[in-house]
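The next block holds one structure in the form of structure tokens; read it before the comments.
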Amino acid sequence: MAQRDLPKGYEPMEVEKKWLKFWNENQSFTPALDPDREPYCIVIPPPNITGTLHMGHALNLTLQDILCRFHRQQGCDVLWVPGTDHAGIATQNVVEKALAAEGRTRQDLGREEFIKRVWQWKEEYGGKILNQISRMGASVDWTRLRFTLDEGLSRAVREVFVQLYEQGLIYQGDYIINWCIRCHTALSDLEVEYSEISGGLYHLRYPLEDGSGHLVVATTRPETMLGDTAVAVNPEDERYRYLIGKFALLPFLNRRLPVIGDEYVDKEFGTGCLKITPAHDPNDFELGRVHGLEIVQVIDDQGRMTAEAGEQFQGLDRQECRTKILNELKKLDLLEGAEDYRHSVGHCYRCSSVIEPYVSRQWFVKTGPLAQKARDAVSRGHTRILPEHWTRTYYEWLDNIRDWCISRQIWWGHRIPAWTCLDCCELIVSREDPSTCPKCQGSQLEQDQDVLDTWFSSALWPFSTLGWPERTRDLEKFYPASVLVTAFDILFFWVARMMMMGVHFMDQVPFRHVYIHALVRDVQGQKMSKSKGNVIDPLVMLDKYGTDAFRFTLTALASMGRDIKMSEDRVEGYRHFINKIWNAARFSLMHLEQAPEKFDSSRVEGLAHKWIMHRMEEIKSQVAEALENYRFNDAAQTMYQFVWHSFCDWYLELIKPELYGDDSRLREKARDNLYQMLSEILILLHPMIPFVTQEIWSRLPGINEQDLSRVPYPQKRPGCDFPEAARDMEFLQQVITAVRGIRSELNIAPGIRLELLIRTEGRDRAFLEKHQDLILGLAGLSGMQAGEDIDPPGGCGAAVVKGCELFVPLRGVVDIQSELARLQKELSKLDKDLNIVGKKLDNPGFLNNAPREVITKEQAKAGRIREEKEKLEALQKRLESIEQD
RNA sequence: AGGCGCGUAGCUCAGGGGGAGAGCACUUGCUUGACGCGCAAGGGGUCAGGAGUUCAAAUCUCCUCGCGCCUACCA
């Protein structure tokens, strides 16, 4: 028997290895490009090559994989392209750190040599996360693996850059940008993270040029005063209006600072006088432009004071300079005061250094027109964002978007395809590397040193991975993708930008749906982070509990719009479910030596079989509907309940007598149906837990298709709705449960066989008698008698189910008092229920306004409760009278 | 400052106008011919608080309180 091969508990390790290899060799996940099959395509969020799998990836991959596998089952030609992202700054940082350990810098190596080193690093370590994706069971097509810096994607990047430049949507200019002095590059607004720090707010005195006194400005960054080129006050401000047009003198440097009027200045804040440093503050930069102010750069790209800062400060670090300035001002009695002040300061999202606003020549994408189109695509419904409330966030960001700084002063990335002719200063932007200047034919061309923001290439991912700018078959078939699955934290970084680029270059949205899933947090709901030490490593989960248990946990917890609080206990809990499936299969396979010859669903007979069939039909549509609507947790819960509490708890128990019985016809029928149910359960569960289902599947006798991932979703079976069987089954379960309840609550040892008497008539009586064996077996009874004129002996346990009175003679087994107490408890429950229903039915408003069905339902309910109550009360009286004997 | 979301059983959460649900945890009993990662039976909730709409509110509206997040600003 097959069961002999199966260990008692499910052992994931070997199983997972085996099937990963099988799927890979089989190219199970390479689409057939069959024109008759509908395409289904998912855009994978490409992880960084520096990264390792974390909880967010694990959830993200699990959900995408469920969708892919499910749609394969639905007959779609599915494409899920895997890939990684070159992560410019992060990767360069990693390699530079490695170099530093050798005591070298990238400058020592030179650009070309350094990039070679990075490629080497990438070959060696960059694939780590790909293996981890694979271990999660992700059914990606490995034959189409892409990388943002590979040849094809680099071509796409160039094409996009050049086109946008030609369309006037990319420009170069001197602006204030976010500068990281550690990474030594510009960053986009999104790459700056703000966090609150305690600092000071300093009040500085600037003497007035005319000698009539001084004005006082407030600042958190005294060192920037050296770059001040004006002081602003609000023209509405009575206190200072007279100053407008006068000049203040900058201490140390004696620069003449015009006092200008601008409504931007908040009268309430600080002193009401605002020092203006156009070179080192974004708001001041704007004011400077409006008022035509001079830009004086006093901090350089290393965070050191420049010569403009004056001899005594030149060369100092910005922090040192702050201290020194404050000291000097104090000496000169120009520091009027200092207060503690908490304010938020921008930090680099890669290295956490304090960001320096810095004026420099950079490349920008003019986002306005692109953002408008990206917004329209959603508002017109071409792309749907789910859950829907994220739509608003998406709009808000696009409505307030600023131009996107895309140049980075690093080496690892797509080099900007712009050259300057050293002879005539012509700027050349070109798809191919030019050899001569088109204007002066000079051959001394120098390429721009900068590379592009990594997100610039990620923004093209939905079409660049499919072969664009070529018009490939993949592109024809699979663009736009069906869905993008991601967490909200890259909604702006990535999703919005893909929308902008997709709509602009493909004239079509990049994906139909955007499903925004949860963030995985720790048990307390805190973000997982290494510094907090609350990280759960998914790889550890995979090793300890197996991929399926882990995946099922994530799926069961992934309800729409709520974050997941993850703990190891939960994974352990769901491992029990995987093991339960395993054992149900182990049991089933014991009885399934061969496949049914031909399964004819129209000839299903027997209560248990009809019932489970009926349930299965419901489950099939529930699970499909849940997955179509991204209700992953519903799909998981539905299967959990069904497999455990219908299939295992009842169905398997109910059919045991048939499986072990002598009636070979019944036995065969039971086996056939069991085979059918088990195999459909495996198919339904497969998208969520691919490995264990595939392993069991492969052990089913006589299967044609070894690869479960290619087996279609079970069709709706005509003629298999058996609502009557469902009702009957419920009745049977209630009877059995009632007897078990009496036994259990009165502490009757399971070894003691009880009798059951049932006062009932008509169909119910016939039904119960027909299934007498099942009742005896499952309720632990030695005998049963049903009839209209049942006259129970004194001293019975009792219950009422659907109007039938159940009696369990207890004389000599248990004392009557316990049963009386038990009955009293039942009765008070009934009283409570009756009270609620009664109130409704006594309310004329209810009777006049409620829909007829609701009223009938309530009336029926009241009748049922009343009947049950009467019967139990009668019994209670009898017991009491016996007790008095 | 603006926006979004969440307060339901001890914990984690489903549900979303007409009988308070699940999983885990808990209690009790159990070598029941797959499973103790198991079986059976239980206990446990003024659905944050208040007001309103309604015959009927956990569910819809408003307010209050508490928690979380996002965006922008912060001299």
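Every chain is numbered from 1 and lettered A, B, ... according to where its sequence line falls, protein lines coming before strand lines. Any value given below was found using the heavy atoms of this structure, including those in side chains, with hydrogens, waters and symmetry copies removed.
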Touch class at under 4.0 angstrom, heavy-atom based, for A:Gln641 against every strand present: sugar-phosphate
Touch class at under 4.0 angstrom, heavy-atom based, for A:Val854 against every strand present: base
Under 4.0 angstrom between A:Arg392 side-chain N/O and B:rC4 OP1 or OP2: yes
Under 4.0 Å protein heavy-atom contact, by nucleotide of nucleotides 37-44 of chain B - B base, S sugar-phosphate only: BSSSSSS-
Contact under 4.0 Å: A:Tyr640 side-chain N or O vs B:rC24 OP1/OP2: yes
Residue of the set A:Ile612, A:Leu732, A:Asp649 for which side chain to side chain contact (heavy atoms under 4.5 Å, CB included) holds with A:Leu654: A:Leu732
Pair A:Glu236 + A:Lys267, salt bridge at N-O below 4.0 Å: no
Extract from the structure each pairing of a protein N or O with an N or O of nucleotides 55-60 of chain B at less than 3.5 Å, listing the distance.
{"residue": "B:rC55", "atom": "O4'", "partner": "A:Gly845", "partner atom": "O", "Å": "3.3"}
{"residue": "B:rC55", "atom": "O4'", "partner": "A:Asn849", "partner atom": "ND2", "Å": "3.2"}
{"residue": "B:rC55", "atom": "O2'", "partner": "A:Asn843", "partner atom": "ND2", "Å": "2.6"}

Touch class at under 4.0 angstrom, heavy-atom based, for A:Asn848 against every strand present: nothing
Base-pair map of RNA chain B as dot-bracket, where | denotes pairing with a different strand and pairs are Watson-Crick or G-U under 3.5 Å: ((((((((.[[[[.)..(..]]]].(((((.......))))).....[[[[[..)....]]]]])))))))....
Out of B:rA75, B:rC35, B:rC70, whichever nucleotide has its closest atom nearest the side chain of A:Arg586: B:rC35
Tabulate atom names and distances for all N/O pairs under 3.5 angstrom spanning the protein and nucleotides 13-15 of chain B.
{"residue": "B:rC13", "atom": "OP2", "partner": "A:Lys565", "partner atom": "NZ", "Å": "3.0"}
{"residue": "B:rC13", "atom": "O3'", "partner": "A:Arg562", "partner atom": "NE", "Å": "3.0"}
{"residue": "B:rA14", "atom": "OP1", "partner": "A:Ser559", "partner atom": "OG", "Å": "2.8"}
{"residue": "B:rA14", "atom": "OP1", "partner": "A:Arg562", "partner atom": "NE", "Å": "2.6"}
{"residue": "B:rA14", "atom": "OP2", "partner": "A:Arg562", "partner atom": "NE", "Å": "2.6"}
{"residue": "B:rA14", "atom": "OP2", "partner": "A:Arg562", "partner atom": "NH2", "Å": "2.6"}
{"residue": "B:rG15", "atom": "OP1", "partner": "A:Arg631", "partner atom": "NH2", "Å": "2.4"}

Selection from B:rC70, B:rC11, B:rA75 that lies nearest to any side-chain heavy atom of A:Thr393: B:rC70
Residue-phosphate contact under 4.0 Å: A:Tyr395 side-chain N/O, B:rU71 OP1/OP2: no
Side-chain N,O (A:Lys8) to OP1/OP2 (B:rG36) below 4.0 Å: yes
A:Lys861 side-chain N/O to B:rG19 phosphate OP1/OP2 under 4.0 Å: yes
Sugar-phosphate only, base, or nothing, as touched by A:Arg822 at under 4.0 Å among non-hydrogen atoms: nothing
Contact list for RNA chain B against residues 265-274 of chain A - heavy-atom distance below 4.0 Å: A:Val265, A:Asp266, A:Phe269, A:Leu274
Those residues that, when tested against A:Arg239, pass salt bridge (charged side-chain N to carboxylate O under 4.0 Å, His left out) (two or more places apart): A:Asp237
Interatomic distance, A:Ile401 atom CD1 to A:Phe492 atom CZ [nearest 0.5 angstrom]: 9.5 Å
